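First up is the structure itself, then whatever we jot down about it.
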Amino acid sequence: MKTLSVDHLLGIKYLTAEDIHLIFETATQFKEVINRPIKKVPSLRDITIANLFFENSTRTKLSFELAQKRLSADVINFSAGQSSVQKGETLVDTVNNILAMKVDMIVMRHPYPGAAHFLSQQVNACIINAGDGTHEHPTQALLDAFSLKEKLGELEGKRIAIIGDILHSRVALSNIYALKMLGAEVRLCAPKSLLPKHIESLGVMVSTDLMSTLNWCDAANMLRVQNERMELNYFPSIREYSQYYGLTLERLKQLRKEILILHPGPINRGVEITSAVADSPHSIILDQVENGVAIRMAVIYLLASKLIIPTT
Ligand code: CP
């Protein structure tokens, strides 16, 4: 059996192109399974997984839980807001107590960049990063690239734009790593204040011009303006942001070609994307959500296969 080169999924940065292809091959098989009348396989009957969410989530949390249940794993869920973290318990103590209940794998979302990496060095369990602050969101990038590949074929040479609040986005960084690894050309588009300094060093192009970026790309991944991570004003007003960087149907109609539209969610309708675009045939937003379950099944299955000691 082919295996991943890593024992944890901490970020796309730590994967190889072969790892991504293996995750996609496995996800393709699981996508077929979850579209059957019986959507479950018994693969992980002996595995227990804890989902630790220290930050809000809809898609990632539900998608991981569903993926685990489709694989027949035992699942426990932890939300920091209702836990003893509120009484001052540390992250490592919290996780070691959960692991003492014979849990094999931890899926964690945390507001601090590097939290998943830190945890992987402190505890004896497989860790999956479900988003760490503004750093990485590896399963989101995997499901984005998988959804693009389904629609565009192999991503080698394809032109993918990432548009919006790049500065605060873990989705942007993980997408850049994944898309570059798969041979795509990547262009970032945002107001200068929302572009990290020296981001070109990752081998991406940078633009502040929305229409030229849309005319250049085969697909545009529209990112949310992350007001909750902004301590400063990065642009004069939301109205002005959407005037220059909001994706409208009128703008799409001015293009010389059809392009695909992605969005990781949650959407700020009328800010970075209008409802008319989000709900249009250009949009593959709900395909991304569907593929998220298959991708997470693949990641969990492949990492769990490294935990199970074969009986000879
Ligand atoms: N895409 C994403 O991470 O969405 P949630 O914050 O709802 O999980």
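All residue numbers refer to positions in the sequence shown, counting from 1. Just follow the structure's listing: the first ligand is 1, and inside any ligand the first atom is 1. Note that the structure is predicted; figures quoted are calculated from it, not measured.
Applying side chain to side chain contact (heavy atoms under 4.5 Å, CB included) to L182 and the options I20, L148, I160 leaves one that passes, I20. Checking L249, L247, L262 one by one against H282, the side chain to side chain contact (heavy atoms under 4.5 Å, CB included) holds for a single residue, L249.
Remark: ligand 1 and S57 share an N or O pair separated by less than 3.5 Å (distance only, no angle test). The shortest N or O to N or O distance between P264 and ligand 1 is under 3.5 Å.
Residue N56 places its CG atom among 12 or fewer non-hydrogen atoms of other residues, nucleotides or ligands, all under 6.0 Å distant.
Classified by interplanar angle (parallel below 30°, tilted 30° to 60°, perpendicular above 60°), the ring pair F235/Y241 is tilted.
The atoms of ligand 1 that sit less than 4.0 Å from any heavy atom of G265 are 1 (N), 2 (C), 4 (O). Atoms of ligand 1 found under 4.0 Å from any heavy atom of T58, numbered from 1 in the order shown, are 5 (P), 7 (O), 8 (O).
For Q288 and D144, the side-chain atoms include at least one donor-acceptor pair closer than 3.5 Å.
Here the two rings, on F53 and F78, have centers that are 6.0 Å apart or farther.
The nearest heavy-atom contact from the protein to atom 6 (O) of ligand 1 is R109 NH1, 2.9 Å.
When the heavy atoms of Q140, H137, R59, Q288 are ranked by distance to atom 3 (O) of ligand 1, first place goes to H137. The residue among N56, V171, T60 with a heavy atom at the shortest distance from atom 8 (O) of ligand 1 is T60.
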